[in-house]
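Below is one structure; the comments refer to it alone.
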Amino acid sequence: MIDKLYFPQKIEKAQRKFWEELKISRTLDNNNNPKFYALSMFPYPSGKLHMGHVRNYTITDVIARFKKMQGYNVLHPMGWDSFGLPAENAAIQKGANPKEWTLNNIAYMKEQLKNLGLMYDWEREVTTCLPDYYKWTQYLFEQFYKKGLAYKSEAAVNWCNKCGTVLANEQVIEGRCWRCDEIVEKKYLSQWFLKITDYAEELLDSIDKLDGWGENVKLMQKNWIGKSKGTIVEFKVKDKSDLSVKVYTTRPDTIYGVTYVVVAPEYKDIEKLTTDENKEAVENYRKNARRLNEIERLSTTREKTGVKLGSFVINPFNGEEIPLYAADYALVEYGTGAVMAVPAHDERDFDFAKKYSLPIKVVIQNRDNPNDCQLEAYTGDGILINSGEFNGLNNNEAKEKITQKAINEGFGEAKIQYRLRDWLISRQRYWGAPIPVIYCEDCGIQLVPEEQLPVLLPEDVDFSVVGRSPITTSKTFIDTTCPKCGKKAKRETDTMDTFMCSSWYYLRYCDPKNDKKPFDKELVDKYMNVDQYVGGIEHAILHLLYSRFVTKALRDMGFLSCDEPFKNLLTQGMVLKDGSKMSKSKGNTVDPDEIFENFGADTARLFILSDSPPQRDFDWSDAGVEGCSKFLNRVWKLYYQNQNRIKLDYKIDFNNLSKDNDKLVRLTNIAIKKITSDIENEFQFNTVISKYREFVNSIYDYLNINDVDDNVLSYALISLLKLMAPVCVHMTDQLYQDLGGNGSIHELEWPKYDDKLTQMNDLTLVVMINGKLRDKIIVSSDANEEELKDKAFESSKIKEFINGKTIVKTIVVPKKLVNIVIK
RNA sequence: GCCCUUGUGGCGGAAUCGGUAGACGCGUUGGACUUAAAAUCCAAUGGGGCUAAUUACCUCGUACCAGUUCAAGUCUGGUCAAGGGCACCA
């Protein structure tokens with residue numbers, strides 16, 4: 001029996017209990033159906049779910065359930081990205097223990113996820129902050145090290161004072177810390193890096209193969225990797241034949257226009273290149289440059305500054321003597337750290353030349369405005385002039401010829417340069433996976449032997465220390481012995497960037513309990529790659545690029561076989577309220593718990609999918625939630641009122657139906673087709689839901705006819721129930737069981753449609769004159785072109801329009817329209 | 001500055017291939033039911049015009065300007081606006 005009223009709070013709990021008993025969400029490794037790996041980006045356990053989580057996980061859950069009904073062996077796991085700074089900050093502010101704080105949050109949020117009705121296989125849960133996970137993060141670090149993909153190096157790194165740690169390049173947004181917005185400083189420190197640059201080329205090239213990724217994300221990754229094709233040219237230093245300055249340029253065609261050369265203030269040979277009388281000025285300039293923070297230094301609006309070094313270099317192409325400058329618009333970490341300046345054809349060089357009254361030499365003819373580069377640089381294409389043997393060439397042609405000459409004469413080479421830098425993974429923080437390294441005075445850097453992993457986080461630490469990592473306060477952690485010589489040695493106190501933990505979690509889900517290795521190759525090869533990944537656009541570079549790198553590196557080490565981790569990527573939009581992002585500081589958040597309590601999870605799921613396509617931002621409205629709740633009541637009523645007519649084993653003779661019954665059969669087939677294709681193409685859940693509503697309206701209309709057929713009605717209602725099952729997971733299962741169904745609706749097969757029944761018998765023919773709609777006629781759907789034409793001309797309205805005019809031609813689009821062109 | 005994306009009613013948004021613009025919903029208005037309210041149900045709802053009024057009909061309309069086409073929200077060229085990414089990367 002179906003209850004008279006829809007009471008979600010009661011049925012949802014009961015249904016979830018039922019599913020747990022049935023174990024419908026388990027993924028068994030011995031299931032040999034085609035697999036489907038559906039994955040949401042796992043959350044940081046900050047305390048409570050927010051609506052962004054609800055949206056993300058609902059989308060993935062609907063996909064997973066849909067695929068399950070289609071017969072796939074679906075892997076849909078969940079876990080916790082649980083290392084990171086907020087836990088440590090809570091420890092400092094509230095005196096909490098980071099581990100306890102984190103695990104409490106996980107327990108609470110796990111309950112919320114369950115309340116949302118998500119079909120996760122909790123047996124596969126991973127928690128990155130627990131030793132049975134981070135042991136393998138450390139193990140993988142060691143594999144990277146052994147492969148030469150992890151190294152320690154002194155470098156200028158990004159330092160956030162507020163977070164008290166270094167940051168990766170990817171974590172610096174417009175010169176500020178991605179987490180706390182503090183202005184990032186440059187510091188010279190010895191730090192651990194992963195050699196992502198070794199994979200720059202493959203990471204770039206294989207972007208084009210990611211057909212299931214949005215163009216915007218691919219473009220962001222391409223720009224971040226930043227490939228440029230250029231030439232290195234060696235300029236000998238005048239009067240110092242053993243010394244030279246190599247510059248990197250993408251414009252070798254302008255080599256004859258070089259009027260000075262700039263080196264970065266941190267350039268390695270800068271002292272040798274400085275003459276005695278300029279020493280003091282150069283030293284001052286360098287000091288000043290060091291004081292500037294990233295934002296000031298990288299600001300394009302700031303006036304360019306520089307200082308003369310005093311020495312000169314020789315342009316190998318024409319023998320000209322060229323003055324050397326140091327200027328902070330040259331970056332030490334890109335290219336060679338030195339730039340040849342061509343003020344006539346580069347805006348930055350132009351600005352600098354104007355300021356220091358350096359010559360501007362035009363070498364590329366600007367057709368629109370010949371030989372004038374006095375007011376601004378000309379950066380376009382043109383014909384070379386003042387360029388010796390290369391005069392008259394088109395500049396693009398000249399690029400190759402000039403590079404070739406430099407190669408032939410031994411003062412240059414072609415060079416591909418990437419903007420991508422190596423991934424800095426050291427963090428001077430406590431709540432992360434310790435880097436499993438020991439420093440021995442005699443033996444140097446030693447890995448912690450594999451059998452001693454994990455290197456556990458110490459508990460005897462003082463979180464109140466300022467300016468250094470709390471780990472350094474542990475009395476038990478640091479002192480150890482060298483695994484090679486046995487003498488006293490010290491442990492590395494830095495932990496790993498949490499992005500290291502999250503760059504391989506999707507592999508662990510394939511074999512989460514393995515205590516011999518991070519995962520079994522066969523199992524990973526069975527489930528990888530992820531068929532559908534869903535998450536926020538904010539990870540377009542960070543997490544997604546790191547994961548791609550880690551997958552490729554592990555492939556090359558023989559751990560797995562796939563080239564790319566995520567086959568299809570859906571980046572869902574933000575959840576807004578009143579037009580702006582939900583945030584505590586704005587006070588416009590909506591608590592998922594309240595929605596579950598007041599309306600039920602099915603309403604929340606329905607609403608969050610209903611108004612916008614998943615890729616777009618979604619504006620939360622209370623009225624919208626109520627609308628969805630009303631709709632579910634309307635659906636419930638449909639089943640309640642007709643429960644005595646509904647048969648699960650309906651039988652229909654499709655060839656022998658009255659007009660109205662035939663119509664409902666066709667409407668059912670149309671609904672199945674439309675909903676199936678809208679989920680499969682781009683996951684357009686908003687149109688899926690509008691189709692639910694349309695179909696429900698049609699069924700209500702049908703119930704007003706005289707010859708309602710119980711079999712036809714059952715066919716429509718049972719189909720609707722299955723179509724709605726992936727979204728309204730609790731309600732549909734309750735109704736299914738109340739109607740006498742066995743087991744769970746989620747284990748049934750997705751409804752099929754008959755293509756012959758996906759159009760109506762009669763259709764509306766549109767008749768146009770000169771492209772303007774003039775009449776609509778009901779015609780039979782099997783009418784041929786001639787018949788359609790005849791019908792169109794029979795219309796009295798059309799006759800009136802044609803009257804007295806000449807018919808130029810008539811266009812007939814079968815099943816759609818007739819357009820008559822008249823003069 | 002460079003690159004990308006998006007511009008459709010009061011609002012969220014629909015509209016395979018170029019083929020009825022505004023599906024579905026929210027909101028609003030009117031009505032039914034009710035002592036009343038809520039809930040529910042029914043109807044109307046892009047602008048303008050014509051008509052005493054209904055049915056109907058005409059006309060404009062998918063940011064703007066041009067073009068291609070029998071036919072343009074959809075294709076081409078240009079302009080503007082909003083959002084996002086990158087940014088002394090030589």
Side-chain angles (χ1 to χ4, degrees), chain A residues 173-175 214-224 226-228 230-231 247-252 254 261-262 264 297-302 304 327-331 333-342 345-349 351-352 379 417-421 537 540-541 576 579 607 610-613 615-628 630-631 633-634 637 674 677-678 681 684 686-697 700 764-776 797 808-822:
Chain A
I173 316 287
E174 290 179 355
E215 286 303 318
N216 53 341
V217 179
K218 293 203 274 187
L219 207 77
M220 279 161 75
Q221 291 217 351
K222 276 186 191 172
N223 290 340
W224 189 262
K227 181 178 182 172
S228 75
T231 309
V247 301
Y248 174 74
T249 180
T250 55
R251 293 296 304 272
T254 61
V261 163
V262 175
R297 180 163 171 185
L298 296 183
S299 163
T300 46
T301 52
R302 195 174 124 251
K304 301 220 166 354
D328 61 8
Y329 80 91
L331 306 173
E333 59 288 19
Y334 187 79
T336 58
V339 189
M340 64 179 219
V342 185
H345 305 295
D346 182 281
E347 281 166 28
R348 295 153 302 184
D349 299 342
D351 292 345
F352 192 85
T379 55
Q417 181 74 38
Y418 296 95
R419 220 185 61 103
L420 182 72
R421 309 286 152 79
I537 186 77
I541 292 169
L576 312 175
F607 175 57
S610 66
D611 265 7
S612 302
Q615 292 88 345
R616 251 190 265 186
D617 286 350
F618 173 84
D619 210 339
W620 182 277
S621 81
D622 296 332
V625 185
E626 278 171 44
C628 286
K630 281 180 194 171
F631 173 67
N633 275 294
R634 198 166 131 82
K637 207 175 83 189
K674 168 83 174 148
S677 72
D678 278 2
N681 307 329
Q684 284 201 47
N686 56 328
T687 55
V688 167
I689 287 160
S690 71
K691 196 69 204 175
Y692 290 162
R693 292 175 185 273
E694 245 179 279
F695 188 36
V696 167
N697 290 344
Y700 269 108
T764 310
L765 179 74
V766 170
V767 186
M768 293 173 144
I769 294 193
N770 291 345
K772 280 196 168 136
L773 173 72
R774 293 303 182 195
D775 201 6
K776 294 180 189 179
K797 276 185 214 159
V808 182
K809 63 172 157 179
T810 307
I811 290 139
V812 180
V813 182
K815 301 189 179 187
K816 281 238 162 91
L817 58 83
V818 174
N819 187 15
I820 302 162
V821 186
I822 59 171

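Lettering of chains follows the sequences in order, A, B, ..., and the numbering in each one begins at 1. Quick caveat: nothing in here was measured; it's all calculated off a predicted structure.
Of the candidate nucleotides G25(B), U40(B), A90(B), G25(B) has the atom nearest to the side chain of Arg693(A). Out of C88(B), A14(B), G19(B), the shortest distance to the side chain of Gln684(A) is found at A14(B). Distances were taken from every side-chain heavy atom of Val339(A) (C-beta onward) to each of U20(B), A90(B), C70(B); the shortest belongs to A90(B). When each of C70(B), C41(B), A14(B) is scored by its nearest atom to the side-chain atoms of Thr687(A), the top-ranked nucleotide is A14(B). Nearest nucleotide to the Lys304(A) side chain, out of A90(B), G25(B), C88(B): C88(B). Set against A90(B), G12(B), G19(B), the side chain of Asp611(A) has G12(B) as its closest nucleotide. Checking C4(B), A14(B), C88(B) against every side-chain atom of Leu219(A), the shortest atom distance belongs to C4(B). If you check A14(B), A90(B), U20(B) against the side chain of Ser228(A), the one that comes closest is A90(B). Taking only side-chain atoms of Tyr248(A), from C-beta outward, the nucleotide of A90(B), A23(B), U20(B) with the closest atom is A90(B). Proximity note for Asp346(A) (side chain, C-beta onward) versus A90(B), G13(B), C70(B): the nearest is A90(B).
Each of Ile173(A) and Gly624(A) lies near RNA chain B, and the nucleotide nearest Gly624(A) is the one positioned closer to the 5' end. Position along RNA chain B of the nearest nucleotide to Thr249(A) versus Ser612(A) favours Ser612(A) as the more 5'-ward residue.
With both ends at atom C1', the span from C17(B) to G27(B) equals 36 Å, rounded to whole Å. Going from the C1' atom of C64(B) to that of A81(B) covers 10 Å, rounded to whole Å. For the C1' atom pair drawn from U35(B) and C24(B), the interatomic distance equals 37 Å after rounding to whole Å. Straight-line distance between the P atoms of G10(B) and A71(B): roughly 29 Å, to the nearest whole Å. One P atom belongs to C26(B), the other to C80(B), and the distance between them is 40 Å to the nearest Å. If you take atom P in A38(B) and the same atom in U51(B), they sit 40 Å apart, rounded to whole Å. Across the P atoms, A23(B) and A14(B) are found 13 Å apart, a figure rounded to whole Å. Comparing A82(B) with U8(B), their P atoms are spaced 14 Å from each other, to the whole Å.
Between the NZ atom of Lys222(A) and the P atom of C3(B) there is a distance of 15 Å, given to the nearest Å. As rounded to whole Å, 14 Å separates atom P of C26(B) from atom CZ of Phe618(A). Put simply, CZ on Arg419(A) is 16 Å from P on C3(B), counting in whole angstrom units. Remark: C1' of G13(B) and CD of Gln615(A) are 14 Å apart, rounded to the nearest angstrom. Here A90(B) presents its P atom at 12 Å from CE of Met340(A), a figure rounded to the nearest Å. Between Ile811(A) atom CD1 and C17(B) atom P there is a gap of 20 Å when expressed in whole angstrom units. Whole-Å rounding puts the Phe607(A) CZ to G13(B) C1' distance at 13 Å. Here the C1' atom of nucleotide G25(B) and the CZ atom of Phe631(A) are 10 Å apart, to the nearest Å.
The aromatic ring centres of Phe607(A) and Phe618(A) sit less than 6.0 Å apart.
Of the side-chain N and O atoms in Asn681(A), none sit less than 4.0 angstrom from OP1 or OP2 of U16(B). Of the side-chain N and O atoms in Arg774(A), one or more sit less than 4.0 angstrom from OP1 or OP2 of C58(B). Under 4.0 angstrom from either OP1 or OP2 of C70(B) there lies at least one side-chain N or O belonging to Lys809(A). A sub-4.0 Å separation between OP1 or OP2 of C41(B) and a side-chain N or O of Arg634(A) is present. Residue Tyr329(A) places none of its side-chain N or O atoms closer than 4.0 Å to OP1 or OP2 of A90(B). The shortest distance between the side-chain N/O atoms of Ser690(A) and the OP1/OP2 oxygens of A23(B) is not below 4.0 Å. Residue Asn216(A) places no side-chain N or O under 4.0 Å from the OP1 or OP2 atom of C3(B). Dashed line: the shortest gap from a side-chain N or O of Arg616(A) to OP1 or OP2 of G12(B) is not under 4.0 Å.
Without hydrogens or angle criteria, Asn681(A) side chain to Ser677(A) main chain gives a donor-acceptor distance under 3.5 Å. Asn770(A) contributes a side-chain N or O that, together with a main-chain N or O of Ile822(A), makes up a donor-acceptor pair within less than 3.5 Å.
At the heavy-atom level, Asp349(A) lies nowhere under 4.0 Å from the strands shown. Base engagement by Lys776(A) is indicated by at least one non-hydrogen atom pair under 4.0 Å involving a base atom.
With a cut-off of 3.5 Å on both Watson-Crick or G-U wobble distances, the partner of G22(B) is given as none. With a 3.5 Å ceiling on both atom-pair distances, the Watson-Crick or G-U wobble partner of G83(B) is C4(B).
Summarising the local packing, CD of Glu347(A) is surrounded by 12 or fewer heavy atoms from other residues, nucleotides or ligands at distances under 6.0 Å.
Counting only heavy atoms from C-beta outward, the side chains of Val821(A) and Thr810(A) never approach each other to under 4.5 Å. Side-chain contact check for Met768(A) versus Leu817(A): some heavy-atom pair is nearer than 4.5 Å.
A cation-pi arrangement is absent between Arg419(A) and Tyr334(A) under the rule of less than 6.0 angstrom and at most 45 degrees off the ring axis.
A donor-acceptor contact under 3.5 Å is formed by the side chain of Asn819(A) with the base of C70(B).
The closest side-chain donor-acceptor pair between Asn697(A) and Arg634(A) falls under 3.5 angstrom.
The aromatic rings of Tyr329(A) and Phe352(A) sit tilted relative to each other, their planes meeting at an angle between 30° and 60°.
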